[in-house]
Amino acid sequence: MAGLFSRLKTNTNGPVEAVSLKSFDHASRASLLESLEKSDLGWFWASDAGGRIVYLSTPAAQRVGRPVGEITGRSITEVFQTLEDSEDGGTERPLKFQLAARNSIKPVTVKLDMGEGQSWWEIAAVPQTDGQGKFLGYHGIARDVSDTFESARNAEKLSRYDSLTGLSNRYRMSHQLGATLNAFKVSKRSCAIMLMDLDRFKQVNDTMGHPAGDELLKQVAGRLKRVLGDKVEIGRIGGDEFQVIMPDEDDRGVLGDLGQRVIQMVSQPYSINGMRAVIGCSVGIAVAPFDGIEEEELIKAADLALYSAKGGGRGQFRFYSSDLRDQASHRHQIEADLRDAVARDELEMHYQPIVDCKTHEVACVEALMRWNHTDRGMISPADFIPVAEEVGIIRELGEWALNSVCETVQTWPGSIRAAVNVSAVQFSAEDFVDIVKRALKNTGIDPSRVELEITESVFVGDMERALRLFHELKELGVRLSLDDFGTGYSSLSYLRDAPFDKIKIDQSFVRGCTAEDNKNDAIIAAIVSLATALGMETVAEGVETKDELRAVTEEGVSHLQGMLFSRAVPSDDIVERLEAGEMKYVPRGPEKYRSERRTEFRKIGLIHGNDRYNVFLRNLSKTGAKIEGLLDVPVGTDIVIDLGGGQLAVACVRRSEGFSQGVEFETPLISDGADGLCTRHRVSPYQIEAAGKPLRALNDEAVAAITGVMGSSTKSFVEVEIT
C-alpha cells in the first residue's frame with residue numbers, strides 16, 4: 001500500500017509530497033495509510049489490466065455492507081456506476097468511456113448499489129504501467145459523498161420540479177420538449193403536446209382562499225397522473241396551467257379521446273376541507289412535426305389551440321390548425337374594437353321566441369346580444385362574448401344589455417316576458433343585485449316580465465352567497481332560469497334550495513336525441529321529471545328538426561326554443577307580431593336530424609392518378625362528402641380528397657350526377673373538438689423533406705408538393721371530366 005500511495009502522490013502536482021514521504025520508513029508509511037483509511041476521509045482501490053477490482057480498503061467494503069472478497073474480482077463498472085450508467089440519469093461522461101481510453105480518471109461521482117442501500121462515492125485514479133509502458137491497471141482513491149450528493153440532488157430536483165404538485169416545472173418541461181424534438185428530428189418521429197388551462201380556478205381562489213386553491217392543484221395533478229399514465233411527461237408550467245409531452249403519438253383520434261377524458265376527469269367535483277369545488281378544463285393540442293418543428297413554434301401552436309378551446313365555450317379541446325393564426329389576428333381586432341362598441345352604438349339586442357309546447361304560442365323571448373360592426377357587419381356572439389369575459393368588460397356589456405332589454409320590453413304591448421343572460425362574472429360582482437334593482441326602477445318595467453338566465457358555474461365556491469343572492473333577486477320580483485342545465489357538474493342539492501322558475505335543457509341533449517345510438521332522450525326525461533317535481537318549467541333549447549320536436553314533446557317539456565320556430569330577430573319584428581296578435585309560430589324545418597352531415601362551401605383538392613383538380617366541398621360527414629366541380633365521374637372511381645393542412649382522405653365515388661358526386665371515405669373522419677371534422681393522420685413533413693422540400697411545419701403548398709401534382713397538372717374545376 002505504501003507503493004500505491006507513493007505512486008498516486010508522485011503522479012499529482014509536485015515533488016513536495018514525494019520528498020516528505022522519503023523521511024518515512026515502510027512501517028511509518030503503512031501506519032499513515034491505515035490511519036487515513038480508518039478516518040473515513042478517503043479509501044483506496046486498485047484494478048488489474050482487465051478492469052477488475054483487485055483491492056478495496058476494508059473500511060470502504062464495510063461501508064458498502066459486503067465483505068471485501070465479494071467485491072474484488074468484479075469489474076470496475078459493475079461496482080462503480082456513473083450517473084448515466086444508472087437509472088438516475090446524468091450529464092457526466094460514463095465511466096466506461098474513461099476506462100477505455102486508459103487515461104487518468106478525474107474525480108467523478110458514482111453510485112454503489114450492492115448492499116442494503118445505495119451510496120454515492122467520488123472516485124479518481126491514475127493508470128499504472130510497467131517499465132515497458134504496458135498497462136497494468138488503475139490505482140485510485142475514493143470517498144463517500146452521499147450526504148452532499150443527496151443535498152445537491154434535492155436542490156436540483158427543486159429547480160426542476162414544482163414544489164406544490166411534484167410535477168415537472170416549466171424549466172424541465174422546456175428542456176425535455178426541446179431535447180425530444182431535436183432527437184426526433186433525426187429519427188423522423190412525431191411528438192404531441194397538450195396545454196391545459198383550468199376554467200374557473202380563480203373563483204375557487206377568491207371564494208375559498210389560496211390554501212384551498214393549492215390543495216385543488218394537488219388533486220388536479222393526481223387526476224392527470226391517473227388519466228395519462230407514466231408514459232408521458234406531465235408538468236405544471238404556471239399558476240393553473242399544465243403541459244403534457246406525448247412522444248410517438250400523432251393519431252388525432254387517440255389524442256382527441258385522451259383530451260376528452262382529461263376534461264371529464266378534471267371537471268369532476270373536488271372535496272377541499274369539507275367544502276365542494278367545481279372547475280373546468282380546456283385543452284389545446286399540437287403535434288410535431290405537423291404543427292411545428294421547433295419547440296417555440298409547437299408551443300405557440302398548442303397555445304393557439306388552447307385559446308380556441310377557451311373561446312369556444314370552455315370545457316373543450318381543440319387541435320391546432322393554420323386557420324387559428326387568422327382567428328388570433330381576428331380576435332385581437334375584436335378586442336380593440338369591442339371597447340368602443342357601446343359608445344359607437346354598435347350593439348343591439350335581438351329576441352328569440354320561446355313557445356309553449358302545446359300551443360306553439362310565444363310565452364317568453366330570450367334577449368341575445370348582437371354586434372353590428374360599422375366596417376365588418378354582424379359579428380357572432382361566439383366571437384366577441386368570450387373576448388369580453390377575458391378582457392374584463394363583460395360586466396359593462398351585461399349591465400348595458402339588462403338596461404336595454406328592460407327599457408325595450410317595457411314598451412311592448414301585453415305582458416310577454418324577456419330573458420336576459422347573466423354571466424358568472426357579472427353574478428360575482430358585489431353590486432349585482434343593486435344593478436338589477438336600478439334597471440327595474442329606471443325603466444319602470446314590471447319585474448315579473450324580467451327573467452334572469454344563470455348558468456351552473458355561479459355555484460362554484462361560495463354556494464351560500466349564490467343562494468342568498470337568488471333570494472334577494474326573487475324579492476325584487478324577477479324570475480330566475482337555470483341555463484344550460486346538465487352541462488356542468490354542480491350538485492343537484494342546490495335545486496332544492498334555489499328559487500328557480502325554469503330549467504333550460506341544453507341543446508347538446510336535444511340535438512340528435514332521436515338517433516338510435518343516442519341516450520339523450522332518457523336524460524331529457526329525467527330532467528323533465530325532476531323539474532316537474534320541483535314545480536319548475538322546462539325549456540328544450542336548440543330544437544331544429546321535426547323529429548326532435550316530437551321527441552321532446554313526448555318527454556313532457558313545457559316550452560320550446562330553436563330555429564324550427566324562429567331565429568333571434570330585432571325588437572321591431574317582435575312588436576309587429578304582438579300588435580297583429582300573431583303569437584303562434586308554425587314549425588318550419590327538416591323532418592329529421594342528420595347528425596353526421598355538415599353543410600360546407602369551400603374549395604378543396606381532388607387527386608386522381610397524376611392529376612390534381614380544384615373542386616368545391618358542399619357537405620361533409622364522418623364517412624363521406626358531397627363535392628361539385630367534375631363532370632360525370634364514374635361510380636367506383638378511387639380518388640384522394642385534400643381537405644387542407646396535410647389532411648388527405650382516400651375515398652371512392654359512390655354516387656355521380658352531372659357535376660355532383662357523393663364519395664365515401666376509406667377511413668372515417670373524427671371530431672376536431674369543435675363542430676368540425678378532421679383526418680386521424682396527416683402527411684408528414686418528413687415525407688415532404690424526403691421529396692426534396694425543406695423540413696418545416698405543414699402548409700398546403702408543401703402538401704401538394706408531396707402528391708406530385710403541382711403546376712401544370714393542377715386543373716380548374718370547370719374544365720375537366722374524369723374518364
Side-chain angles (χ1 to χ4, degrees), residues 199 256-257 259-269 276 278-281 312-317 352 354-358 366 419 421 453-460 480-498 500-565 587 589-590 592-596 622 671 673-675:
D199 302 327
D257 290 343
Q260 193 59 49
R261 288 204 302 274
V262 166
I263 292 169
Q264 291 173 348
M265 178 63 79
V266 171
S267 300
Q268 297 293 329
R276 190 168 177 277
V278 182
I279 60 172
C281 177
R314 304 176 188 269
Q316 302 176 353
F317 72 87
Q352 185 173 31
I354 299 174
V355 302
D356 183 274
C357 186
K358 295 180 179 178
E366 179 180 358
N421 288 283
E453 291 195 0
I454 302 168
T455 63
E456 289 176 308
S457 60
V458 301
F459 292 98
V460 175
L480 299 178
S481 174
L482 182 60
D483 196 13
D484 300 333
F485 181 73
T487 59
Y489 293 92
S490 297
S491 169
L492 293 178
S493 63
Y494 65 76
L495 288 178
R496 177 190 59 203
D497 303 316
F500 288 113
D501 300 284
K502 179 189 295 182
I503 292 178
K504 301 193 75 174
I505 303 171
D506 188 71
Q507 61 181 348
S508 61
F509 298 117
V510 175
R511 191 163 298 156
C513 64
T514 58
E516 292 182 3
D517 59 345
N518 196 304
K519 297 181 180 179
N520 285 357
D521 57 339
I523 297 175
I524 294 172
I527 296 174
V528 170
S529 177
L530 175 65
T532 302
L534 295 172
M536 302 177 187
E537 298 175 355
T538 50
V539 178
E541 294 183 295
V543 181
E544 296 186 352
T545 61
K546 292 180 180 179
D547 62 338
E548 291 174 347
L549 172 61
R550 288 190 294 270
V552 296
T553 301
E554 290 172 0
E555 299 299 347
V557 300
S558 60
H559 293 82
L560 307 163
Q561 179 181 1
M563 293 290 289
L564 189 66
F565 295 97
K592 292 185 177 182
Y593 173 73
R594 304 186 68 169
S595 59
E596 293 188 338
K622 289 185 177 180
S671 170
D675 294 327

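Keep in mind it's a predicted model, so treat the numbers as computed, not measured. Positions are given from 1, in the same order as the sequence printed here.
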Query raised in the report: Do side-chain atoms of D521 reach the backbone of A551 as a donor and acceptor pair under 3.5 angstrom?
Result: no
Requested in this report: Please round to the nearest 0.5 Å and tell me the distance separating atom CD of Q260 and atom SG of C281.
Outcome: 10.0 Å
**Report entry** Minimum heavy-atom distance between T553 and C357, given as atom pair plus value
**Finding:** OG1-SG, 3.6 Å
Query raised in the report: Checking D501 side chain against L480 main chain: does a donor-acceptor pair fall under 3.5 Å?
Result: yes
Query raised in the report: About how many Å separate NZ of K546 and CZ of R550, when rounded to the nearest 0.5 Å?
Result: 8.5 Å
Query - Distance, nearest 0.5 Å, that separates CD1 of I279 from OG of S267 - result: 7.0 Å
Query raised in the report: How long is the span from the CG atom in D506 to the CZ atom in R511, to the nearest 0.5 Å?
Result: 9.0 Å
Report task. Would you check, one step at a time, whether the test side chain to side chain contact (heavy atoms under 4.5 Å, CB included) holds for E366 with N421? Result -> CA-CA 8 Å; E366 179 180 358; N421 288 283; 2.9 Å; yes
Report summary line: dist Q268:CD -> I263:CD1 (nearest 0.5 Å) comes out at 12.5 Å
**Report entry** Closest approach of G542 to E548 (non-hydrogen atoms, all atoms of both residues)
**Finding:** O-OE1, 3.8 Å
Acceptor/donor pairs from residues 522-541 side chains to any protein atom, 3.5 angstrom cut, sequence neighbours excluded:
from	atom 1	to	atom 2	distance (Å)
T532	OG1	V528	O	2.7
E537	OE1	R479	NH2	3.3
T538	OG1	S558	N	3.1
E541	OE2	K504	NZ	3.4

Query raised in the report: What distance separates C513 SG from I505 CD1, expressed to the nearest 0.5 Å?
Result: 9.5 Å
Query raised in the report: N520 side chain to F509 main-chain N or O, any donor-acceptor pair under 3.5 Å?
Result: yes
Query raised in the report: So which heavy atom on G280 is nearest to which on V266, and how close?
Result: O-CG1, 4.2 Å
